[in-house]
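Values below: every heavy atom of this structure, side chains too, minus hydrogens, waters and symmetry copies.
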Amino acid sequence: DALEIYGNPVVDATLRPISDPADSQSPWVQRGLDLSAANQRMLVPGQAKFALSSWTVEAWAKPGIDATVGERMAIVRRAVADIGQTDEVLNYEIGLLGRTLAGIVVWTPYVRFTDFADTSQELCAPFGVAKDQWAQVTASLDAISGKLLLYVNGYLVGESEGDYRDVDCVVYGGDEAEVTIGGGALM
């Protein structure tokens, strides 16, 4: 029987199995990161592998609130300077931007980064993402070809018109650089 095969499972006070993510034999428990409150974020420990001049960043998002024009909901970002300021310097950021399309305020997927001329380069999808619906947002910057690409749910929805080969994105930020999932910088 199962007790002989799997042993006696460790349970908590509610008799639910306790799961250890480091143990492949531990009971499976569905997990997710809930960042539904305003400005909630997860700070990722800084590592050199996140400082990239060519990058592809992908994440799933489910906006749970109505959009406001001009509001940004960062999904994944790496800021390297002026963190928390309106003009912070970004290695990369994907997120949702509140915009008016066809008279309706919607969340629009976007990607942006800051170039060495200290100019923010941005690409937005031509459509919005529905509230309470999952969307896969992926962006890629290829330093060799100079192309910035934006995908939503696997479809290419935006491609840079310019060539970013001579417009490298800012990579190094020293000790100040931070990678966050959700929310952006705490102000």
Side-chain angles (χ1 to χ4, degrees), residues 12 14 16-22 24 26-47 49-50 52 55-80 83-86 88 90-114 120-142 147-160 169 177-187:
D12 64 12
T14 63
R16 292 190 184 126
I18 296 174
S19 178
D20 178 3
S24 64
S26 180
W28 179 81
V29 174
Q30 184 173 353
R31 290 180 165 76
L33 181 62
D34 181 4
L35 300 172
S36 56
N39 292 322
Q40 279 190 323
R41 70 186 191 139
M42 181 178 81
L43 185 61
V44 178
Q47 296 180 22
K49 67 182 179 180
F50 299 128
L52 304 167
W55 43 261
T56 298
V57 180
E58 180 253 339
W60 285 85
K62 180 182 174 186
I65 59 173
D66 291 323
T68 303
V69 174
E71 181 180 6
R72 288 187 187 273
M73 186 185 300
I75 301 171
V76 177
R77 70 183 253 296
R78 181 171 185 273
V80 296
I83 297 172
Q85 306 301 314
T86 56
E88 64 185 354
L90 299 168
N91 184 182
Y92 47 81
E93 178 179 271
I94 60 172
L96 303 174
L97 173 64
R99 291 179 38 202
T100 303
L101 297 176
I104 301 169
V105 180
V106 294
W107 288 113
T108 306
Y110 73 90
V111 56
R112 66 181 178 155
F113 71 92
T114 306
S120 181
Q121 306 291 338
E122 185 168 345
L123 203 59
C124 290
F127 57 86
V129 172
K131 178 183 169 187
D132 293 326
Q133 294 294 315
W134 284 103
Q136 180 190 34
V137 181
T138 306
S140 183
L141 176 66
D142 183 351
K147 285 292 180 188
L148 177 64
L149 306 171
L150 177 63
Y151 298 85
V152 177
N153 295 331
Y155 294 98
L156 179 64
V157 299
E159 181 175 350
S160 61
C169 69
E178 69 176 23
V179 176
T180 57
I181 298 173
L186 292 179
M187 308 244 185

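- Here the shortest heavy-atom pairing between V76 and A59 reads CG2-CB, 4.0 Å.
- Considering every non-hydrogen atom in both E71 and A67, the closest pair reads OE1-C, 4.5 Å.
- Not counting sequence neighbours, the partners of E159 by the salt bridge (charged side-chain N to carboxylate O under 4.0 Å, His left out) test are K147.
- The backbone N or O of I65 sits less than 3.5 Å from a side-chain atom of W107, completing a donor-acceptor pair.
- Q136 CD to I94 CD1: the interatomic distance, rounded to the nearest 0.5 Å, is 9.5 Å.
- Rounding to the nearest 0.5 angstrom, the gap separating the CZ atom in R72 from the CG atom in L97 is 5.0 Å.
- Taking T56 as the reference, T138, S140 meet the side-chain contact (heavy atoms from CB on, under 4.5 Å) condition, with sequence neighbours excluded.
- Listed here is the closest heavy atom pair of I75 and A61: CD1-CB, 3.6 Å.
- T108 pairs with exactly one of T100, V152, L101 by the side chain to side chain contact (heavy atoms under 4.5 Å, CB included) rule, that one being L101.
- Here the CG-OH distance, from L150 to Y155, works out to 15.0 Å after rounding to the nearest 0.5 Å.
- For V44, the side-chain contact (heavy atoms from CB on, under 4.5 Å) partners two or more places apart in sequence, or in a different chain, are M42, F50, V179, I181.
- Between atom CG of residue L141 and atom CZ of residue F113 there is a gap of 5.0 Å, rounded to the nearest 0.5 Å.
- Looking at residues two or more places apart in sequence or on another chain, you find a side-chain contact (heavy atoms from CB on, under 4.5 Å) between V129 and P63, L96, P109, A135.
- For residues 56-67, the set of pairs meeting the salt bridge (charged side-chain N to carboxylate O under 4.0 Å, His left out) definition, not counting sequence neighbours, comprises D66-K131.
- With T180 as reference, R77 is the one residue of R41, R78, R77 to meet the side-chain hydrogen bond (donor to acceptor under 3.5 Å, both in side chains) rule.
- Within the structure, every pair that satisfies the salt bridge (charged side-chain N to carboxylate O under 4.0 Å, His left out) test and touches residues 98-114, not counting sequence neighbours, is listed here: E93-R112.
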